[in-house]
Participant: 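So that we are looking at the same thing, I have put the structure below in structure tokens.
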Amino acid sequence: MAVPEPVLTAARSARRVVVLTGAGMSAESGVPTFRDAQSGLWERYSPEELATPQAWRRDRPFVLAWYLWRFGLVSTVEPHAGHRAVAGWAGADGPEVAVVTQNVDDLHERAGSSEVVHLHGALADWRCEDCAQRYDGPLPSVAEGVDRVEPPRCGACGAAIRPGVVWFGEALPLGPWSEAVARVEDADLVLVVGTSGIVHPAAGLPAIARAAGAVVVEVNPVETEVSDVAHHVWRETAAVALPALVEAARLPER
Ligand code: OAD
């Protein structure tokens, strides 16, 4: 796998790297992206119909079943070599590496990344829809084909427990957003991996990074809404490109 020369040069000299990831980062682990056709029971629904406060209020058991299905799917898949390459890059003499992800799965953490900012929340974070108290109690199991599950109730106020993810139309959690901006403004290299660049404000981070002086590199098999913001585009997949980049960046210059 030949790493594009300008990308390798930037990676070799980088001291502070931010890897900005979207659903394409999880694709090679077996998690469908948002813009891919959904699989099985959910193929006739689009995330925009399910991942909204309106859908939740209209039919909590239906939306909960979808999230439990995704939660179950993520728990059965493994991080791939790209996740592991990002997690191992920092190392002894490597750069500082932070992950800023739109994904709600925990594949980066399971691969060993310690600095992971979740812009859109996390599947594993369940909370009360009213008092927002975190819920760590038992979750109903979702057998194959089940498309409605009654939500557990909050121990403090009795309201329904909801997924701790950001739905369309909801504000991003302020802490992660301001940390993401600070990280990309301070970075000297930002890899934009596996995102279509459609959903804002996350999609605005590459432009913020570029304006602050970072080298911006897109790793994506196809063109996206943010390709024109990148200094370099690398039409490759995450599980192929990232291990090749990290390995080459570590080698002494020839
Ligand atoms: P999308 O599904 O919109 O885009 C996935 C991107 O990954 C596409 O550009 C694909 O070309 C690319 N891709 C697919 N396979 C890849 C691979 N193996 N390696 C690298 N890239 C690959 O997912 P996101 O951009 O993450 O928001 O979507 C952004 C947000 O929209 C999500 O966080 C979610 C969704 O609605 C909320 O839930 C609020």
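In each ligand, atom 1 is the first atom listed, and ligand 1 is the first ligand listed. Numbers here simply count residues along the sequence, with the first being 1.
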Participant: Over 60° means perpendicular and under 30° means parallel, so tell me whether His83 and His108 are parallel, tilted or perpendicular.
Facilitator: perpendicular

Participant: Mind telling me whether Tyr67 and Trp167 have parallel, tilted or perpendicular rings, with 30° and 60° as the class edges?
Facilitator: tilted

Participant: Consider salt bridge (charged side-chain N to carboxylate O under 4.0 Å, His left out). Of Arg60, Arg153, Arg162, which one does Glu129 pass it with?
Facilitator: Arg60

Participant: Just so I know, are the side chains of Thr101 and Met25 near enough to count as touching, which here means a heavy-atom distance under 4.5 Å?
Facilitator: no

Participant: Evaluate the side-chain proximity of Glu185 to Ile208: yes if any heavy-atom separation is below 4.5 Å, no if none is.
Facilitator: yes

Participant: Any salt bridge linking Asp59 with Arg148? Criterion: basic side-chain nitrogen under 4.0 Å from a carboxylate oxygen.
Facilitator: yes

Participant: Can you tell me which residues line ligand 1 if we count any heavy atom under 4.0 angstrom from one of its atoms, in chain and number order?
Facilitator: Gly22, Ala23, Gly24, Ala27, Glu28, Thr33, Phe34, Arg35, Gln102, His120, Val166, Phe168, Gly194, Thr195, Ser196, Val199, Asn220, Pro221, Val222, Thr224, Thr237, Ala238

